[in-house]
Structure formats: structure tokens, C-alpha cells
Amino acid sequence: MQNKIQILCTKKISNSFIQIAEANNICIDELNFIKTEESISAQTKNRILQLSGQNITVIFTSSNAVNAVGKIAPGKVNWKIYCIEPATRKSVESVFRRASIIGSATDAAQLSEIIIEDQSLNQVVFFCGNLRKDLLPDKLKSHGINVEEIIVYHTIENSQSISKNYEGILFFSPSAVKSFFSINKIQSHTILFAIGKTTAEEVKQYSNNKIIISDIPGTQKLIAEVIKYFRQ
């Protein structure tokens, strides 16, 4: 019997994806290398409530931020929203059904370019986590767009030591990459799979191993990339 390809997934994923991989002779172990916790002070809550009644432009790059804000802001906000797709966009569509999504992209770099194209825009509200990357807000500020950042969740490293040798490792965020490599080393043949360009750039800070980047940032697509690679 052919040995199964051993893969580590650095976050918990749907059992359906585990089964799809299993059907393709791939065994996936799951370990959460980060935790997220909503973190909204009374002051932040009041600010969100204040903004919920205004016609503003909002940015979401994480479903965690969407869900945290959605618990406070009424569902009928009249916001214009820019967001990452597909997962964050789906969350926005579910939580803020009356809001208008006026732009989306697969990563922060592309999203910043889309936002900058609106030359009438001079103010945005960016709901984010404490470990958000600088690229998007810095790019907007450099083009004269004022960014009000409101932190609504915290990402906490959950480093875990691994002893098993994996043929592939899946990463879904720069934070998980940092958490993993803080106490782990990998073999030179291990293939690293990144959900997007930002995560891939973080991987490059720690490893020269081969990196495969999903062209669409989503778990389903990343699993498909794993299956495609090991079928070769």
C-alpha cells in the first residue's frame, strides 16, 4: 500500500477538506499556531456605534474584524466597504447586508491600488487586528488618504513544537508563519504552501524552501494546490 503524503496545516480547517485530501492519498494534521480574541474597549465600542450612523468608507481585510464589528454595529449601516476576497467578502456580505461593497481584491497590495483610484476619497476607517501589516495603511497615507485604524481583535501566537517530518506545510497568515518558525525547523525538501502573497513574503523571512502560493486566497484553493503538486 502506498504511503500517504504527510501534510501539516497550521490552523483548523473543515473536515470536508481533510476528506478530500484523504481521497487523494494525503494525510493532513491540524495544529492552530495562532489564536484570535475580540478586543473591544468601551471607548472603541462607542466609536463603532458613532460610526455606524455615518456614511463612511470602511476597509476590512479579515473576517475576524468583520465579525467583531458586526456584533456592535447595526446590520443596516450605510457604509461603503473595501475588502479582501473571497473569505472576508463573504463575511461582509453576511454581516452587513445593506452595506455597499465598492471594491475587493485578493491581497492588500491590490486593494490599496483600487482604493487609491477613487480620487475623491480622503478618509477611510480601517477595522483591523493588532498585528496588521503596514502596507495598506502606509500606501493610502502616502496618497493623501487619512486612515483611522480601529483595532477590534488581537492575534496571539500559539507556538507548538513538531517532531514529525512533513512533506508539506500550509500557512494561512504571516502571524502563523512567525509562530511556527519561532520554535521549529524544517527539512530542505518540505514544500511550503501560502494562502497569499503577504503570507508567502513572511515565509521567505524564515526559509529558502520551495513556496507555492494560492492564486485565490481560500482554504479550498490551497488544498487544491497541495493535491495538484503531489499528484505530479
Side-chain angles (χ1 to χ4, degrees), residues 7-14 17 28-41 44 59-70 82-92 105-112 126-140 147 149-162 166 168-186 190-209 211-223 225-226:
I7 300 293
L8 174 64
C9 185
T10 57
K11 78 167 189 176
K12 296 289 185 179
I13 59 175
S14 169
F17 296 133
I28 296 181
D29 291 340
E30 305 165 278
L31 284 175
N32 281 327
F33 278 83
I34 59 171
K35 298 177 181 178
T36 58
E37 295 180 356
E38 292 180 11
S39 179
I40 299 178
S41 65
T44 299
I59 300 172
F60 287 109
T61 58
S62 165
S63 294
N64 292 315
V66 175
N67 295 330
V69 175
Y82 288 98
C83 60
I84 296 294
E85 59 183 23
T88 304
R89 181 178 180 123
K90 289 180 180 178
S91 295
V92 169
T106 57
D107 60 49
Q110 292 179 5
L111 189 63
S112 65
F126 181 23
F127 292 111
C128 58
N130 63 314
L131 298 183
R132 68 102 182 100
K133 292 294 183 179
D134 294 333
L135 188 153
L136 190 148
D138 285 358
K139 188 71 174 289
L140 298 185
V147 181
E149 294 184 41
I150 301 179
I151 295 175
V152 293
Y153 72 95
H154 279 73
T155 300
I156 303 164
E157 289 188 17
N158 184 39
S159 301
Q160 304 183 64
S161 178
I162 62 169
Y166 290 99
I169 303 176
L170 279 60
F171 291 104
F172 296 83
S173 71
S175 301
V177 173
K178 182 179 178 183
S179 176
F180 174 86
F181 282 104
S182 67
I183 59 173
N184 292 296
K185 294 183 178 180
I186 59 174
T190 304
I191 308 302
L192 306 177
F193 295 85
I195 199 166
K197 294 178 181 178
T198 305
T199 300
E201 288 301 316
E202 190 71 18
V203 171
K204 291 176 185 177
Q205 301 297 315
Y206 299 93
S207 173
N208 293 320
N209 285 32
I211 303 172
I212 295 176
I213 307 171
S214 174
D215 55 1
I216 299 174
T219 302
Q220 182 175 3
K221 180 61 177 176
L222 196 59
I223 296 297
E225 292 290 351
V226 173

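As a basis for the values below, the full set of heavy atoms in this structure was taken, side chains included, without hydrogen atoms, waters or symmetry mates. As the structure is a prediction and not an experimental result, all values here were calculated from the model.
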- [ ] Using side chain to side chain donor-acceptor pair (under 3.5 Å) as the criterion, list what pairs up with Thr61, not counting sequence neighbours.
- [x] none

Open item on the list: List the residues meeting side chain to side chain donor-acceptor pair (under 3.5 Å) with Glu38, not counting sequence neighbours, and say none if there are none.
Closed with: Lys71

- [ ] Over all heavy atoms of both residues, which pair between Glu30 and Lys11 is shortest? Give the atoms and the distance, please.
- [x] CB-O, 4.1 Å

Task: Pairing residues for Ala200 by the side chain to side chain contact (heavy atoms under 4.5 Å, CB included) criterion, not counting sequence neighbours - done: Ala194, Ile211, Ile213

TODO: Return the set of residues passing side chain to side chain donor-acceptor pair (under 3.5 Å) with Glu201 (not counting sequence neighbours), or none when no residue passes.
DONE: Lys204

Open item on the list: Could you tell me if the side chain of Phe172 sits less than 4.5 Å from the side chain of Thr219, heavy atoms only?
Closed with: yes

Task: Flag side-chain contact, heavy atom, 4.5 Å: Ile40 against Ile150 - done: no

- [ ] Keeping the roles fixed (side chain from Glu37, backbone from Ile156), state whether a donor-acceptor pair exists under 3.5 Å.
- [x] no

Open item on the list: Among residues at least two apart in sequence or on other chains, which ones pass salt bridge (charged side-chain N to carboxylate O under 4.0 Å, His left out) with Asp29?
Closed with: Lys164

- [ ] Could you go through the side chain to side chain contact (heavy atoms under 4.5 Å, CB included) check for Ile186 and Leu192 one step at a time?
- [x] CA-CA 10 Å; Ile186 59 174; Leu192 306 177; 3.8 Å; yes

Open item on the list: Looking at every heavy atom in both Phe33 and Gln160, which two are closest together, and how far apart are they?
Closed with: CE2-O, 3.2 Å

- [ ] For Phe193, enumerate each residue passing the ring-ring contact (aromatic ring centres under 6.0 Å, His included) test, keeping only those at least two apart in sequence or located in another chain.
- [x] none

- [ ] Tell me, please, which residues at least two apart from Lys197 pass salt bridge (charged side-chain N to carboxylate O under 4.0 Å, His left out).
- [x] none

Open item on the list: Please check this pair: side chain of Asn158 against backbone of Lys35, looking for a donor-acceptor N/O pair closer than 3.5 Å.
Closed with: no

TODO: Please assess Thr10 against Ile169 for the test side chain to side chain contact (heavy atoms under 4.5 Å, CB included), listing each intermediate value before the final yes or no.
DONE: CA-CA 7 Å; Thr10 57; Ile169 303 176; 3.9 Å; yes

Open item on the list: Under the rule for ring-ring contact (aromatic ring centres under 6.0 Å, His included), what residues qualify as partners of Phe171, not counting sequence neighbours?
Closed with: Phe180, Phe181

Open item on the list: What I'd like to find out is whether the side chain of Tyr153 reaches to under 4.5 Å of the side chain of Ser62, using heavy atoms alone.
Closed with: yes

- [ ] Might you point out which heavy atoms bring Ser179 and Ile34 nearest each other, and give the distance in Å?
- [x] CB-CG2, 4.3 Å

- [ ] Go through the structure and list residues passing side chain to side chain contact (heavy atoms under 4.5 Å, CB included) with Thr106, not counting sequence neighbours.
- [x] Glu85, Gln110, Pro217

Identify every side-chain donor-acceptor pair in residues 126-137 under 3.5 Å, counting partners at least two apart or on other chains, and give the distances.
{"unit_1": "Asn130", "atom_1": "OD1", "unit_2": "Thr155", "atom_2": "N", "d": "2.8"}
{"unit_1": "Arg132", "atom_1": "NE", "unit_2": "Glu149", "atom_2": "OE1", "d": "2.7"}
{"unit_1": "Arg132", "atom_1": "NH1", "unit_2": "Asp134", "atom_2": "OD1", "d": "2.5"}
{"unit_1": "Arg132", "atom_1": "NH2", "unit_2": "Glu149", "atom_2": "OE1", "d": "3.1"}
{"unit_1": "Arg132", "atom_1": "NH2", "unit_2": "Glu149", "atom_2": "OE2", "d": "3.0"}
{"unit_1": "Lys133", "atom_1": "NZ", "unit_2": "Glu202", "atom_2": "OE1", "d": "3.1"}

Open item on the list: What verdict does the side chain to side chain contact (heavy atoms under 4.5 Å, CB included) test give for Asp215 and Glu225, after you've listed the backbone C-alpha separation in whole Å, the side-chain angles of each residue and the deciding distance to 0.1 Å?
Closed with: CA-CA 9 Å; Asp215 55 1; Glu225 292 290 351; 4.2 Å; yes

Task: Option from Thr88, Val66, Ile59 for which side chain to side chain contact (heavy atoms under 4.5 Å, CB included) with Cys83 holds - done: Thr88

Task: Nearest non-hydrogen partners of Cys9 and Ile28, listed with the distance - done: CB-CG2, 3.7 Å

Task: Which residues share a side chain to side chain donor-acceptor pair (under 3.5 Å) with Ser39, sequence neighbours left out - done: His154

- [ ] Specify the closest pair of heavy atoms between Ser112 and Leu140, including all atoms of both residues, with the distance to one decimal.
- [x] O-CD2, 3.9 Å

Open item on the list: Under the rule for ring-ring contact (aromatic ring centres under 6.0 Å, His included), what residues qualify as partners of Tyr166, not counting sequence neighbours?
Closed with: none

